[in-house]
Undergrad: 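The structure under discussion is supplied below as structure tokens; questions concerning it will follow.
As a basis for the values below, the full set of heavy atoms in this structure was taken, side chains included, without hydrogen atoms, waters or symmetry mates. Here, residue 1 is the first one in the sequence, and each next residue gets the next number.
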Amino acid sequence: MAGPPPRRAPGPRYKWVALSNTTLGVLIATINMSVMLIALPDIFRGIGVDPLRPGNTGLLLWLIMSYLVVTAVLVVSFGRLGDMYGRTRMYNLGFAVFTVFSVLLSVTWQHGTAGALWLIAMRVLQGVGGAMLMANSNAILTDAFPARQRGLALGLNQVAGITGSFVGLVLGGLLGPVNWRLVFLVSVPFGVFGTVWAYRKLRDTGVRPPARPDWWGNLTFAAGLIAVLAGITYGIQPYGGHTMGWSNPAVLATMAGGVLLLAVFCVVETRVPAPMFRLGLFRIRAFTAGNLASLLASLGRGGLMFLLIIWLQGIWLPRHGYGFTETPLWAGIYMLPLTLGFLVAGPVSGWASDRFGARTFATGGMLLAAGTFLALQALPVDFGYPSFALILLLNGIGMGLFAAPNRAAVMNSLPPDQRGVGAGISTTFQNSAMVLSIGIFFSLMIAGLAGTLPRALTSGLTAQGVPVADAAKVAALPPVGVLFASLLGYNPVRTLLGPQVLDRLPPDRSAYLTGREFFPQLIGQAPVPVTTTAAGKPGPAAAAGPGTPTGTAAPTGTGTAKTGAPSPPPPPPPHPRSP
């Protein structure tokens, strides 16, 4: 009997079908990395959990990081399985898995801690689908495009992935206030469409070597990386009397055990006949250097994203007329120049690197991004938005110039039968850096706040009539709660003091403490300036501008400053929509 007819080779248009489909897959996978950052307040309110209570800090962190950890851990394994059993087969399955668990996230019926645990579990399984998509998309494109066009194709795909992390911020801010379930449902129609489209149109065109799964390699790599990333997650949480958990024996043991398991993984990979990842690939200079550069770029990009969200939501936007409930959405909107820079520079640099080489564009892009970090450092706390937007635009251009040529250089350096696992390890470097950036930059911010925030909180609250005991109790809380409040768009003073304290204060002081001025002034230019009223009692200080010296009285309009000189009325607040 004659066998089945051979599958017809893809036509000349197939590469563009592969590019559009894999770009859609990577886009929705990366949107879901960040969409929850902005929508978390609405999600926690929807399931009846206060994310700022000390016991719920772990729930908050794992809801943010579970998806990141899973995608970082599994992309190498799924890339290797794609090399063995078919890259498009693994990719198509990833679309379906991602879509199913997006639906299950949106139909959560439980409340309280049980509801949060359900969401975390579903995020883990959604991350499995996301890992399948991200692990095989680059390999499918590398197989479909000739070498002279890979820079453009991989550049568009890479820029879509990086842009997705910023688009997610805006989508979360738009959909969360309407209904928190929409945050997850928004991916479903794209997932269904992408699954059907991928199943009908994508074909395996690469080399598929016969091999057996490397179970010991998969197990030791997954367990080791999970242990390291979990240790980082718990390291930024308070432990005992410490503001962070880096002295926690369990954290230290977890991270040390993770490093040991990764060392065992390296030994295993040199002994098995068909390793999950051939360590000899690191002898390829372009592969090693490209992945190291991608790790460092992702560290910088992840740290920038979290710092900007906290800066905008916790300080800048409230000082410019935005309520705390509005700041998550507008923080995403005001960061759009960063996304625009990616969208402009990524495809251009990919196209140009195909013709003139990758090194110049990748190196120049990173140097430009480094320069923008220095420019951000030079900005005052209460900056002008045009200069801030220009710096973000240049940063996006720099990152876009780097991303496409670097990924093309990494993928072009790989043998055809190792492209899936090579793309997986490259994505692992990138996704692990996001978790590392949270640990590094949160630790830096918490360490900085721990030295100044308790004293500023105590003096600022007592100056407004809060009893010393209550002020001291609030000041003793871990600074990580303040950071999470800023990240989530909460008014932290209202949350920390509670109605039992605020209701005992005069209405004007209670309104000032919970308004748009006190908290941004506190963390932006601590200690908070204090004024006295005509009766000699402490009164609310107006917001000091960026040039106001620390500790200088600001005019109140109701009495005199510290010197006793008459004070002019305060200027009117800025228009709520004025940048």
Undergrad: Scan residues 435-447 for pairs that pass side-chain hydrogen bond (donor to acceptor under 3.5 Å, both in side chains), counting only residues two or more places apart or in two chains.
TA: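 Checked against side-chain hydrogen bond (donor to acceptor under 3.5 Å, both in side chains) - neighbours excluded - the pairs reaching residues 435-447 are W246-S443.
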
Undergrad: Do the non-hydrogen side-chain atoms of M255 and I232 ever get within less than 4.5 Å of each other?
TA: yes

Undergrad: Can you establish whether the number of heavy atoms outside W197 located under 6.0 Å from its atom CH2 is more than 12?
TA: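 Yes, the 6.0 Å shell around CH2 holds more than 12 heavy atoms from other groups.
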
Undergrad: Show, in sequence, the C-alpha distance, side-chain angles and deciding distance for L59 and L117, and conclude whether the side chain to side chain contact (heavy atoms under 4.5 Å, CB included) test is met.
TA: CA-CA 7 Å; L59 297 176; L117 292 175; 3.9 Å; yes

Undergrad: Can you tell me how far the CG atom of L308 sits from the CG atom of L392, to the nearest 0.5 Å?
TA: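 CG of L392 is found 6.0 Å from CG of L308.
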
Undergrad: Please report the interatomic distance CZ(F101) to CG(N32), rounded to the nearest 0.5 Å.
TA: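 Output value for this atom pair is 14.0 Å.
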
Undergrad: Check the pair R123, L105 against side chain to side chain contact (heavy atoms under 4.5 Å, CB included), reporting the backbone distance first and the verdict last.
TA: CA-CA 7 Å; R123 282 286 282 177; L105 276 163; 4.0 Å; yes

Undergrad: Could you tell me if the side chain of L317 sits less than 4.5 Å from the side chain of Y334, heavy atoms only?
TA: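 SC-SC contact between Y334 and L317 confirmed.
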
Undergrad: With a 4.5 Å limit on heavy-atom distance, are the side chains of F184 and M36 in contact?
TA: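 The answer is yes; the side chains approach within 4.5 Å.
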
Undergrad: Do L81 and F78 come close enough that some side-chain heavy atom pair is under 4.5 Å?
TA: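 Yes, at least one pair of side-chain atoms sits under 4.5 Å.
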
Undergrad: Taking side chain as C-beta onward, heavy atoms only, is W316 less than 4.5 Å from Y385?
TA: yes

Undergrad: Is any side-chain heavy atom of D470 less than 4.5 Å from a side-chain heavy atom of R504?
TA: yes

Undergrad: ring-ring contact (aromatic ring centres under 6.0 Å, His included): which pairs involve residues 17-43, sequence neighbours left out?
TA: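 For residues 17-43, and leaving out neighbouring residues, there are no ring-ring contact (aromatic ring centres under 6.0 Å, His included) pairs at all.
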
Undergrad: So do the side chains of L119 and T108 get within less than 4.5 Å of each other, counting heavy atoms only?
TA: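 Answer yes - side chains close enough.
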
Undergrad: Just how far is it from atom CG of L125 to atom OG of S102, taken to the nearest 0.5 Å?
TA: 11.0 Å

Undergrad: I need the S187 OG to I31 CD1 distance, nearest 0.5 Å.
TA: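 That separation rounds to 7.0 Å.
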
Undergrad: How close do L24 and G194 get, heavy atom to heavy atom, and via which atoms?
TA: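 Result for this residue pair: CD2-CA, 4.2 Å.
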
Undergrad: Report the C-alpha separation of V268 and F221 in whole Å, then their side-chain angles, then the decisive distance to 0.1 Å, and conclude whether the side chain to side chain contact (heavy atoms under 4.5 Å, CB included) test is met.
TA: CA-CA 10 Å; V268 168; F221 179 80; over 6 Å; no

Undergrad: What are the two closest non-hydrogen atoms of R45 and D42, and how far apart are they?
TA: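 In terms of heavy atoms, the two residues are closest at NH2-OD1, 3.0 Å.
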
Undergrad: Let me confirm one number: the CD-CZ distance from Q464 to R509, rounded to the nearest 0.5 Å.
TA: 6.5 Å

Undergrad: Just do the side chain to side chain contact (heavy atoms under 4.5 Å, CB included) check on V69 and W62 with the steps written out, would you?
TA: CA-CA 9 Å; V69 171; W62 277 113; 4.2 Å; yes

Undergrad: With rounding to the nearest 0.5 angstrom, report the OH to CG distance, Y199 to N92.
TA: 8.5 Å

Undergrad: Hey, does I120 have a side-chain heavy atom less than 4.5 Å from the side chain of Y67?
TA: no

Undergrad: Is the ring pair F388/W311 parallel, tilted or perpendicular, if the boundaries are 30 and 60 degrees?
TA: perpendicular

Undergrad: Between G25 and L133, which heavy-atom pair has the shortest distance, and what is it?
TA: O-CD1, 3.7 Å

